[in-house]
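From a predicted model like this one, the values you see are computed outputs, not experimental measurements. Note on naming: letters A, B, ... go to the chains in the order of the sequence lines (proteins, then strands), and numbering restarts at 1 for each one.
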Protein chains: 2
Amino acid sequence: MSQLDHSLIAGLPQFQGMTSEELDHVLANARSQRIAKDTTIFEQEGEANSFFLLLDGHVRVVKSTPDGQQVIVRYISSGELLGIAHALGRTTYPASAVAAVDCVVLAWPSRLWSRFSAQYPAFGVGTYKTVGSRLQEAHTRVIEMSTEQVEQRVAHALLRLANQTGKKTAEGVLIDFPISRQDIAEMTGTTLHTVSRLLSAWETKGLVRSGRQKVTVVEPHKLFMLAEGRPKKD
Amino acid sequence: MSQLDHSLIAGLPQFQGMTSEELDHVLANARSQRIAKDTTIFEQEGEANSFFLLLDGHVRVVKSTPDGQQVIVRYISSGELLGIAHALGRTTYPASAVAAVDCVVLAWPSRLWSRFSAQYPAFGVGTYKTVGSRLQEAHTRVIEMSTEQVEQRVAHALLRLANQTGKKTAEGVLIDFPISRQDIAEMTGTTLHTVSRLLSAWETKGLVRSGRQKVTVVEPHKLFMLAEGRPKKD
DNA sequence: GCGATTGTTTGCGCTGCATCAAACACGTTT
DNA sequence: AAACGTGTTTGATGCAGCGCAAACAATCGC
């Protein structure tokens, strides 16, 4: 195993306040791994043997229902931890993780998680802040699903993606990984048909530009209005 | 402030493995508080000055949308912590908590949370397991809202309540705090009208018995079938 | 280059559930 | 008892959005 440079992780909140030696020690126990697009990193219900840090790429976290339906729980961007089942007191992964693009991850054996967090306070605290904000996020999703119409939910989802992973372009904010209508449907609890219709409608209004597996938000503000206000049909 | 007996909390997972002196120390910093039915314990967006342990009663955790809609995030039963915003890296409460019945809580200043969890490992770990399972639960809710019909969602909600807080009676499992159709509607993202219709239908089928602010699950198994299987109309 | 595969668009009919509306049951106050 | 408030039932109506189907467009493999 080649030695990993600690600049890889030095800037991340989880590793704040650690010395170079400590970072090296953490990295010495990690193995770096390239993940090809559409490859599964870990599988729902599988033994949680490892936890991961996404160094580069985007990962889709998916939960499947017994009858085969899928729901996209969230997207992970680089710099975030994933597969931290052990931190939540679980021994199996609660969902599957699939690379949305070619990715690079660091992987550690799960049992090291508790050692790290005991040894490096920032690591534990950082993780729990992450978990806390994910809990928040999940609740927000529940609220949205309970109180909003499909159009507003899709708008919110798009805005969230644009904020998390958006890339400025000449046309607007581009979601910088391939995403299909089906994916958006699985994030918002609707069908790809409805998403397609909505995007078409928005495109004619100039709010977004979209094509095969790509979406650009042209008018974030107008989209936001749509996402928020109970729409007074005009 | 009268001295609290540590038998109050000795059995709880959060305080596992602590000596009598330690428990006394924890309790010395707590103040015990009676909360009348329908009283707010803490308010959404309010400064998270305290965290709480519910000693007796049932608490409704509610989130309100800007436009006044309410969603019931969960019910808390006795023995559970609530208001642990600080553990999640927040300084305001993300939701409101309202006593569903007369309650008794212990309250601590929020800043003690980190001290306790540093000092008593079981406390921190226990809390995070709680948070972990709540995250799980929230994700389950998202999945349900995304993939299930109203009837199944209501059935699931009822079963969850029956499991968490059910009380065996001659007729079946009674949900042992007052709960209205409106409440159930706010848990499942539907309207009280629809909930009422469903309960009526189930009552004629003998699955439940219900009246003003009370629901008894008579046939948990049949209700479960309904909640799970995509119903083949019969 | 050509077919095969995968993603997208769009039309149409149907239905689950929200919305509106009214009446009813129970408990509480006067 | 009568009057009131709060929770529940039930009917009637409308429509958002799902299911189905068919055609189209882009990309991949050979």
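Regarding contacts with the backbone of C/dA18, a side-chain N or O of B/Thr194 is found under 4.0 angstrom from either OP1 or OP2. Between A/Ser196 and C/dT8 there is no side-chain polar atom (N or O) within less than 4.0 angstrom of OP1 or OP2. Contact between the side-chain N/O atoms of B/Thr191 and the OP1/OP2 oxygens of C/dT19 is not found at any separation under 4.0 Å.
A donor N or O paired with an acceptor N or O is found under 3.5 Å between the base of C/dG11 and the side-chain atoms of A/Arg197. Put simply, the side chain of B/His193 and the base of D/dT10 share a donor and an acceptor less than 3.5 Å apart.
Sorted by first and then second residue, the side-chain hydrogen bond (donor to acceptor under 3.5 Å, both in side chains) pairs with a member in residues 34-61 of chain A read A/His58-A/Asp176; sequence neighbours excluded.
One can place CG of B/Leu192 at 9 Å from P of D/dT9, the figure rounded to the nearest angstrom. The separation between A/Leu199 atom CG and C/dT10 atom P is 11 Å, rounded to whole Å. In this structure, CD of A/Gln152 is placed 14 Å from C1' of C/dA18, rounded to the nearest angstrom.
Between A/Glu219 and A/Arg209, none of the side-chain N atoms (NZ, or NE/NH1/NH2) sits under 4.0 Å from a carboxylate O, so this pair counts as no salt bridge. Contact check on B/Glu144 versus B/Arg160 returns a salt bridge, with a Lys/Arg side-chain nitrogen under 4.0 Å from an Asp/Glu carboxylate oxygen.
Relative orientation of the B/Phe52 and B/Tyr93 rings is tilted, given thresholds of 30° and 60° on the angle between their planes.
Heavy atoms of B/Arg212 sit under 4.0 angstrom from at least one base atom.
Mapped onto DNA chain D by nearest heavy atom, B/Ile179 and A/Arg153 fall at different nucleotides, with B/Ile179 at the one closer to the 5' end.
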